[in-house]
Amino acid sequence: MTPGLPDSNPARRSRSRRSVRWLLVRLGGAAFVLWAVATLTFFAIRLIPGDPAEAVLGGPGSQASQETLDQVRRDYGLDLPLSIQYLHALGRLLRGDLGTSYALKVPVTELLGAQLGGTLLLALAALALAWLAALGLSLWSTGGGRFAASLGQGIELTSAALPHFWLATVLIAVFSTSLGWLPPVSTGGPTGLILPTLTLAIPLAGFLAQVMRETLLDTLDAPFIVSARARGESERGIRLRHALRHASLPAISLSGWALGYLISGAVVVETIFARPGLGRTLLQAVTLRDVPVVTGVVLLVALVYILMTILTDAASRLADPRLASAEATR
Amino acid sequence: MHSLTTSRARRGLGAVGSAAVLALLITACQSPAAEQSSTPVAGGTLTYASGDAEPTCLDPHVGGNYPQALIAGQFLDSLVSRDADGTVIPWLATEWSASDDGLSWDFTLRDDVSFTDGTPFNAEAVKVNVEHLKDPATESSTGYLALGKVESVEAVSDTVARFTLSAPDSALLESLSMPWLAIESPAGIARGMEENCQAPIGTGPFIVDEWVKQDHVSLVRNDDYNSPPADAKHEGKAYLEAIEWRFIPDSASRYAALQAGQVDVLDNAQPDTISAAEKTTTLAHIDAPRPGAANRIELNAGAAPFSDPAVREAFIRAVNVNDGIESLFFGSAERSYSPLSSAESAGFSEESLFDTDLDEANELLDSAGWTERDADGYRVKDGERLTLDFPVSTNQSIPAEQSLFEQIQATAKDAGFEVRLSLLDLSSWYGVLAENNYDLVSAPYTKVGPDVLRILYHSDGIVPAPSGYFANLSQVSNPELDELLTTASETSDDGERAALYDQAQEIILGGFHILPLYDQQNHFLLGTQVKDARAMPTVSTPTFYDAWLAGQ
């Protein structure tokens with residue numbers, strides 16, 4: 001930092017140094033987690049009984065000849081010792097190469113690259129919708145008297161408990177079959193995104209709203225709110241300007257987890273609504289024992305999860321600077 | 001819709017009071033509709049919703065399973081086909097003849113056909129295709145097995161391909177009619193597996209344009225098409241401009257999409273939706289049982305307790321299958337009493353062998369030494385419970401069939417059998433079969449023609465393939481049966497061949513080795529705007545060459 005710039009301020013400099021260190025520690029941790037996930041997946045899949053060469057040939061029912069099996073083992077390096085195969089896999093991974101799908105015979109990075117966008121769009125749309133719904137629901141249920149409180153709680157509990165496959169079927173029955181408003185399977189266009197997004201968002205909204213309402217209620221009793229009330233601020237102003245910021249903190253940190261939850265929910269939703277995506281890729285790959293694809297999806301989901309956690313932590317630090325200073329005094 | 005308009009018109013015109021005008025109007029209303037239902041219209045895109053697995057490779061030479069066959073027929077032609085009676089008919093080959101010893105076959109080929117990449121179709125192309133199927137690098141299993149007796153193919157001239165066999169093969173023509181042995185462009189094959197899997201090149205009525213994984217395959221019309229099978233309804237190019245072949249795994253969404261008009265045709269229709277569709281006027285149903293073997297439960301005679309024929313017979317006497325089929329399949333499945341599909345003319349059926357009779361089942365078990373019962377009501381011998389392991393593949397058994405197995409489990413209990421059903425994914429299911437950890441099993445197998453009996457019941461089939469899989473799951477080992485099946489596979493005389501297969505099936509049924517259930521289910525539902533779609537009489541896959549969309 002050049003002297004004379006705002007960063008010459010010692011307090012700020014130490015804060016930004018703390019932030020850099022925080023980020024480096026988190027990135028190091030992320031790399032470690034990815035390595036662990038890759039290693040675990042590699043060996044866990046090998047522990048499952050069954051010959052990977054058969055998976056290449058479409059399963060043990062393929063009745064492949066010995067010659068064909070040998071050929072496949074050579075082609076995919078399956079005749080090498082396991083430790084060598086592991087090192088090869090790690091080496092490829094460092095170069096960003098996830099190998100070739102056993103079943104689809106195309107590079108895994110290409111396959112996942114094509115599917116990632118659809119799933120992320122779905123998950124982020126669902127996350128955004130769930131946040132909006134949860135905010136609305138918790139603000140309404142904490143501000144509308146006892147009736148609103150218990151009704152809101154009921155709605156939260158019910159929607160949080162709805163299984164995706166059931167919800168999807170009901171939404172299709174109502175909005176496609178009966179009303180004819182929305183297509184039952186994906187069209188590639190925006191209308192096809194509505195039902196899958198609702199399916200994922202409704203249970204998550206219930207869950208987020210539960211967390212938000214609890215914090216909101218606690219915050220509304222806090223001394224700083226009491227003093228704000230004493231200053232004569234309107235109840236609505238207090239809720240929107242002060243309480244909400246606090247109530248959103250636990251929900252922000254849950255969002256990282258929620259994205260992981262949404263991607264696993266995508267397995268069901270993408271299958272029912274016939275949307276291409278990571279969830280459906282994973283389901284098919286598991287059924288076919290397509291090891292490189294399973295590993296690829298697991299790594300990608302882990303990566304998204306880690307990045308989201310870092311981002312949500314950073315967002316929490318912005319929303320509540322005390323978190324960062326708490327680290328410094330530790 | 002139409003009758004509604006007519007009745008409204010009738011009411012309105014009643015006020016006018018002119019019968020002549022009324023008659024005129026009704027005729028005017030009806031004539032376009034009548035015309036619409038009979039004269040094909042060109043154009044339009046048909047949307048097909050497949051509930052089968054998405055193929056991992058569109059080249060049916062690689063691997064060779066049913067999902068590949070479903071779509072391959074739209075862009076690949078075979079050397080021969082079958083008509084509705086099961087007779088082999090010309091397709092890319094116009095004539096064929098075998099030498100007296102059955103070891104050499106000459107196929108005469110059409111000389112006016114080209115692949116969609118411009119490569120001419122000729123004897124050399126046939127040779128390249130057979131070599132491709134037999135090459136281990138192709139990773140073929142169905143096509144490879146079907147060509148087991150074919151040693152080589154030689155291009156005698158451009159239009160004559162000579163097959164040389166290691167032993168006579170009466171199933172050769174039936175094998176060649178299957179989509180897994182369809183003919184592809186040699187130049188297409190030469191591109192290598194990865195590219196050929198994405199878009200195989202054939203001589204078919206449509207061309208693979210694009211494959212968006214887990215979504216759809218786009219097929220566009222081949223405007224130069226001139227090689228339909230001999231039983232097609234028209235000549236020249238297809239009526240449809242394009243087919244969008246979508247993958248919609250969930251059966252409820254698939255049906256909802258058909259109802260909503262989002263798709264025109266679906267496969268893997270479930271019993272409840274078939275029954276619902278049949279009550280509508282907007283949907284039609286094609287019931288196209290697969291050829292080869294019927295769906296059946298195999299009783300593993302290779303290990304106790306089913307190594308004892310009396311126990312096998314007792315099981316078959318004890319279980320009640322018919323009530324279950326009736327209630328669970330809504331009339332969409334008919335009980336079979338034959339090892340072969342009803343699509344096979346060589347099928348031999350013996351209903352009387354499968355009567356339910358609990359008293360007789362109990363007597364048989366008593367005489368076989370299973371006299372005691374434990375506290376739970378199951379029979380016991382030498383301290384061992386009469387337990388039957390029944391692994392079920394959830395990928396291959398639809399929910400209705402799994403419920404049927406549960407009903408079989410319940411009725412078998414009355415005689416003292418404990419049936420242990422376990423629902424497994426495909427790999428685990430193959431795993432327990434390979435370890436011989438089963439007493440009962442239901443496994444589909446599709447092959448054109450009665451030669452499927454040799455694959456399923458010849459004792460050679462007990463020896464596992466290198467992959468661990470063996471096709472003779474009932475583990476029948478009977479020298480007399482082996483002899484019949486081998487002789488039949490080498491007999492070219494149709495009458496003689498049929499008689500041999502009859503005897504073979506009598507042995508299989510009479511020995512209580514299998515419990516036939518129903519045909520391998522292949523049900524398609526279509527919107528009534530789809531005209532002249534049919535299932536190929538080869539392996540019952542759909543073909544849209546003659547199909548057209550009303551209202552285009």
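Proteins get letters first, then strands, A, B, ... in listed order; numbering begins at 1 in each.
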Comparing B:A137, B:C57, B:G63, B:A49 against chain A, the one with the most heavy-atom pairs below 4.5 Å turns out to be B:A137
Measure the shortest side-chain to side-chain distance between A:R280 and B:P249 over non-hydrogen atoms and say whether it is less than 4.5 angstrom. yes
Ignoring hydrogens, what is the shortest heavy-atom contact between A:T281 and B:Q214? Give both atom names and the distance. CA-NE2, 2.9 Å
Quick check: are there more than 12 heavy atoms from other residues, nucleotides or ligands sitting under 6.0 Å from OH of A:Y86? yes
I need the residue from A:G118, A:A114, A:G180, A:P183 with the largest number of non-hydrogen atom pairs under 4.5 Å to chain B. A:P183
Tell me, for B:A256 versus chain A, whether the close heavy atoms (under 4.5 Å) come from the side chain, the backbone, both or neither. both
Beyond-backbone contact of B:Q262 with A:T187, side-chain heavy atoms, under 4.5 angstrom: yes
Among residues 166-177 of chain A, residues within the sub-4.5 Å heavy-atom range of chain B, in order of number, are A:I172, A:T177
Using non-hydrogen atoms and a 4.5 Å limit, figure out which bit of A:Q284 sits close to chain B: side chain, backbone, both or neither. side chain
Which residues share a side-chain hydrogen bond (donor to acceptor under 3.5 Å, both in side chains) with B:E131, sequence neighbours left out: B:K127
If you round to the nearest 0.5 Å, how far is CG of A:L111 from NZ of B:K213? 6.5 Å
Quick note, salt bridge (charged side-chain N to carboxylate O under 4.0 Å, His left out) partners involving residues 132-146 of chain B, not counting sequence neighbours, are A:K105-B:E139
Sub-4.5 Å side-chain heavy-atom contact between B:E194 and A:T100: no
Closest non-hydrogen atom pair between A:S186 and B:R246, with its separation: O-NH1, 2.8 Å
According to side-chain hydrogen bond (donor to acceptor under 3.5 Å, both in side chains), who are the partners of B:N65, at least two apart in sequence or on a separate chain? none
Where does B:Q198 contact chain A at under 4.5 Å (heavy atoms): side chain, backbone, both or neither? side chain
Give the minimum heavy-atom separation between A:P276 and B:D215, together with the two atoms involved. CD-OD1, 3.6 Å
